[in-house]
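Shown next, in structure tokens, is the structure this report addresses.
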Amino acid sequence: MKIYTTKQIAIIDKYTIDNEPIKSIDLMERAAENLSQEIKLILNINNYKKIIFICGHGNNGGDGLAIARKFFERGIKNIKVYLFAETKKLSDDCKKNWKRLKKIKQIEKHLTFNPNEIEIDSESCIVDALFGNGLTRPLGEPYKTLIKKINNSGNIIASIDIPSGLMGEDNTNNDLQAIVKADHVFTIEFPKLSFLFEDNQDYVKDFDVVHILLNEKIKNELETPYIYVDYDYIKDKQILKNRRKFAEKREFGHALLIAGSYNKPGCAILASKACLRSGVGLIHVHIPKKCFTPVVSAFPDVMISLDINETHFTDVLIEKFLTAVGIGPGIGTANETIIGFKKVIETVKEKKLPFIIDADGLNILAQNREWLAYLPENTVLTPHYREFDRLFGSHNTHYERFLTAREMSKKYKIIIVLKGAYTQIHSPEGCTYFNSSGSPALAKAGTGDVLTGMILAFLAQKYTPVEAAILGVYYHGHAANIIEYDYGIHSILASDIVDNIKIG
């Protein structure tokens, strides 16, 4: 699913109106039909004492007015509507929907531009339809007072398209005191970029995409650097390859994983097992000598490469038969390890092998930032936000990290997998892929090692580095989704994720 900019969404709307053809008021009617159905279904509207619509003067307000009318037509009677606007500022379609709504005597209606005149009943559901995604500056008064009243009401809040006050893209100019804190957003046709940043989690607790049949031709033609990855995207783009009936293990790659140390053998176990679960044909895991017994005892499926050192990584022979190399989980940052890590970079670059760096590998890079310029092209880095800041400097917001990740990916020609909810995959070509799968259950030690092993598996199978990152991240999150209701998000272990990897 593409994520379009605000200007592109306006282009798509206009193209649909001009080429379907359909009048804008009729397109609004179609949107209201689909939105009302989705809201009623998901929020179980009949459970609330009242449904309170708070609508603005523009087309987002027009949507809200039309949805209120559709609710009434669906048999919902406990509706109260506030048109919070000055009459002279109403958009044409908002004005038309207000006239239509006024004909329904059974609906309680108020036209006001005074927040003090808005009464919010308890045990109600508030439908926020003040402003849409075209907002370009923070909201001032009287909207700020009204939004504070909405947020402090204690009621469930549903926003139409986007929480009022939130910018659709650039989050540097948000006034955090003037944004509706939506429990659920029913966004029209596409996710908005701002939904996918942690900074906005208080305003977009959950969202659903509601389709209103905008023109497919223009949606396909318009290019955007932002993609929302779900199962349909992987399927439609045919990213995951089929296996032939007479397939042989060497067709699916031979990975080398450099992981673990004396006090962290589990990193090697988790990552190597995840690698095999993700389809690699063969894997050698390179570990210090004292890790041999715990690794082989826990996971006899792997082939072992032993370091000359007893407790930590120092050096490894990278054979010509290997198809991808991963390094970092649990290796530590001893001086000998740092020297060995640099040698691995040089050898991988010389042999032109796909390469992934995680965990302590990232910490070593952070201590030697000049090495970023010498990484092989399309190296995959998988930092969480603290590792990212150690690599690229501190940031005040996650939106700033997003901008830096895009810049650094292009600068160093690397793939940056910035982990978190909606994990971001940044490519050197300037594309950012946001992952749809996953769960807070993944906020647990060891799950990053699992992801490293999964991406390494896809690299070894000769997927492009971007494809490998997309598949690894998606199926990593998918494994958590499979078991989160059985185990509970607090109780899932990294080993549970490995055991529930299901590719396909």
Side-chain angles (χ1 to χ4, degrees), residues 1-4 34 38 41-42 184-193 195-196 204-214 216 219-220 223-243 252 274-280 380 382 415 417-427 431-443 447-448 450-459 461-487 489 492 496-504:
M1 190 187 298
K2 293 179 179 178
I3 303 171
Y4 294 100
N34 293 359
E38 195 79 3
L41 177 68
I42 290 177
H184 209 104
V185 180
F186 295 88
T187 192
I188 297 172
E189 204 71 27
F190 324 101
K192 308 306 182 275
L193 188 64
F195 294 1
L196 308 176
V204 188
K205 296 182 182 70
D206 199 4
F207 71 86
D208 272 281
V209 176
V210 181
H211 296 288
I212 63 168
L213 303 179
L214 294 179
E216 291 296 326
K219 287 194 288 185
N220 290 332
E223 294 300 324
T224 171
Y226 312 124
I227 304 293
Y228 188 66
V229 175
D230 56 11
Y231 178 75
D232 288 339
Y233 178 82
I234 290 171
K235 184 179 178 181
D236 292 345
K237 295 293 182 182
Q238 298 181 325
I239 299 175
L240 189 66
K241 301 169 188 173
N242 292 322
R243 292 195 168 194
F252 305 116
C275 190
L276 275 172
R277 286 270 190 208
S278 302
V280 74
V380 180
T382 57
I415 287 90
V417 178
L418 184 51
K419 295 183 290 194
Y422 308 113
T423 289
Q424 303 165 19
I425 301 163
H426 298 271
S427 78
C431 284
T432 300
Y433 302 83
F434 293 88
N435 182 54
S436 65
S437 67
S439 160
L442 292 169
T447 58
V450 175
L451 178 61
T452 300
M454 295 180 72
I455 296 175
L456 175 60
F458 291 114
L459 289 173
Q461 292 171 77
K462 299 187 178 177
Y463 287 89
T464 69
V466 169
E467 289 173 340
I470 288 172
L471 291 171
V473 168
Y474 176 78
Y475 283 108
H476 181 253
H478 179 61
N481 293 144
I482 288 171
I483 58 174
E484 63 183 336
Y485 295 110
D486 290 333
Y487 287 65
I489 60 172
I492 291 173
D496 299 325
I497 301 297
V498 177
D499 291 339
N500 285 277
I501 294 170
K502 290 179 173 62
I503 311 297

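Just so it is clear, the model here is predicted, and its values are computed rather than measured.
Between Gly472 and Met454, the shortest heavy-atom distance links the atoms O-CE, 3.9 Å. Nearest heavy-atom pair across Ala480 and Ser439 is CB-CB, 4.1 Å.
Under a 3.5 Å cut-off, the side chain of Gln461 and the backbone N or O of Ser278 do form a donor-acceptor pair. Between the side chain of Asn34 and the backbone N or O of His211 there is at least one donor-acceptor pair closer than 3.5 Å. A distance-only check finds a donor-acceptor pair linking the side chain of Thr452 to the backbone of Gly448 [under 3.5 Å]. Side-chain N or O atoms of Thr382 include none that pairs as donor or acceptor with a backbone N or O of Val417 at under 3.5 Å. A donor-acceptor contact shorter than 3.5 Å is absent between the side chain of Thr187 and the backbone of Val209. A donor-acceptor distance shorter than 3.5 angstrom exists from the side chain of Ser427 to the backbone of Cys431, with no hydrogens or angles considered.
Considering only heavy atoms from C-beta on, Val210 stays 4.5 Å or farther from Ile188 through its side chain. A heavy-atom distance below 4.5 Å is found between the side chains of Glu189 and Lys219. Contact check for Leu451 versus Val473: side-chain heavy atoms found under the 4.5 Å cut-off. At a threshold of 4.5 Å between non-hydrogen side-chain atoms, the residues Phe252 and Val280 do not count as touching. Side-chain atoms of Leu196 and Tyr226, non-hydrogen and from C-beta on, never get closer than 4.5 Å to each other. His426 is not listed as a side-chain neighbour of Ile415, based on a closest heavy-atom distance of 4.5 Å or more. Contact check for Ile227 versus Met1: no side-chain heavy atoms found under the 4.5 Å cut-off. At a threshold of 4.5 Å between non-hydrogen side-chain atoms, the residues Leu418 and Thr423 do not count as touching.
Annotation: the span from Ile492 atom CD1 to Leu442 atom CG amounts to 7.5 Å, rounded to 0.5 Å. Here CG of Leu240 is found 12.0 Å from CD1 of Ile470. Values are rounded to the nearest 0.5 Å. Taken from OH in Tyr475 to CD1 in Ile482, the straight-line distance is 10.0 Å, to the nearest 0.5 Å. A distance of 4.0 Å separates CG in Leu456 from SG in Cys275, rounded to the nearest 0.5 Å.
No more than 12 heavy atoms of other residues, nucleotides or ligands lie within 6.0 Å of CG in Asn242, so this atom counts as exposed by the packing criterion. Heavy-atom neighbours of Lys462 NZ from other residues, nucleotides or ligands within 6.0 Å: at or below the threshold of 12. Applying the 6.0 Å contact sphere to NZ of Lys237 captures no more than 12 heavy atoms from other residues, nucleotides or ligands.
A parallel orientation is assigned to the rings of Tyr474 and His478, their planes being inclined by less than 30° (bins at 30° and 60°).
Under the ring-ring contact (aromatic ring centres under 6.0 Å, His included) criterion, Tyr463 pairs with Phe458, sequence neighbours left out. Listed by chain and number, the residues in a ring-ring contact (aromatic ring centres under 6.0 Å, His included) with Phe190 are Tyr4 (sequence neighbours excluded). In this structure, the ring-ring contact (aromatic ring centres under 6.0 Å, His included) partners of Phe207, at least two apart in sequence or on a different chain, are Phe195. When the side-chain hydrogen bond (donor to acceptor under 3.5 Å, both in side chains) test is applied to Glu467, the partners found at least two apart in sequence or on another chain are Thr464. Remark: Ser436 engages no residue in a side-chain hydrogen bond (donor to acceptor under 3.5 Å, both in side chains) (not counting sequence neighbours).
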Checklist entry - Can you check side chain to side chain contact (heavy atoms under 4.5 Å, CB included) on Asn435 and Tyr228, steps first, answer last? => result CA-CA 6 Å; Asn435 182 54; Tyr228 188 66; over 6 Å; no

Checklist entry - After noting the C-alpha distance and the side-chain angles of Phe434 and Ile3, does the key distance pass the side chain to side chain contact (heavy atoms under 4.5 Å, CB included) rule? => result CA-CA 9 Å; Phe434 293 88; Ile3 303 171; 3.8 Å; yes

Checklist entry - Which is it for Thr432 and Gln424 under the side-chain hydrogen bond (donor to acceptor under 3.5 Å, both in side chains) test, yes or no, and what are the steps along the way? => result CA-CA 6 Å; Thr432 300; Gln424 303 165 19; over 6 Å; no

With a 3.5 Å cut-off and sequence neighbours excluded, list the donor-acceptor pairs that the side chains of residues 496-504 form with protein atoms.
| from | atom 1 | to | atom 2 | distance (Å) |
| --- | --- | --- | --- | --- |
| Asp496 | OD2 | Leu493 | N | 2.7 |
| Asp499 | OD1 | Lys273 | NZ | 3.2 |
| Asn500 | ND2 | Asp496 | O | 2.8 |

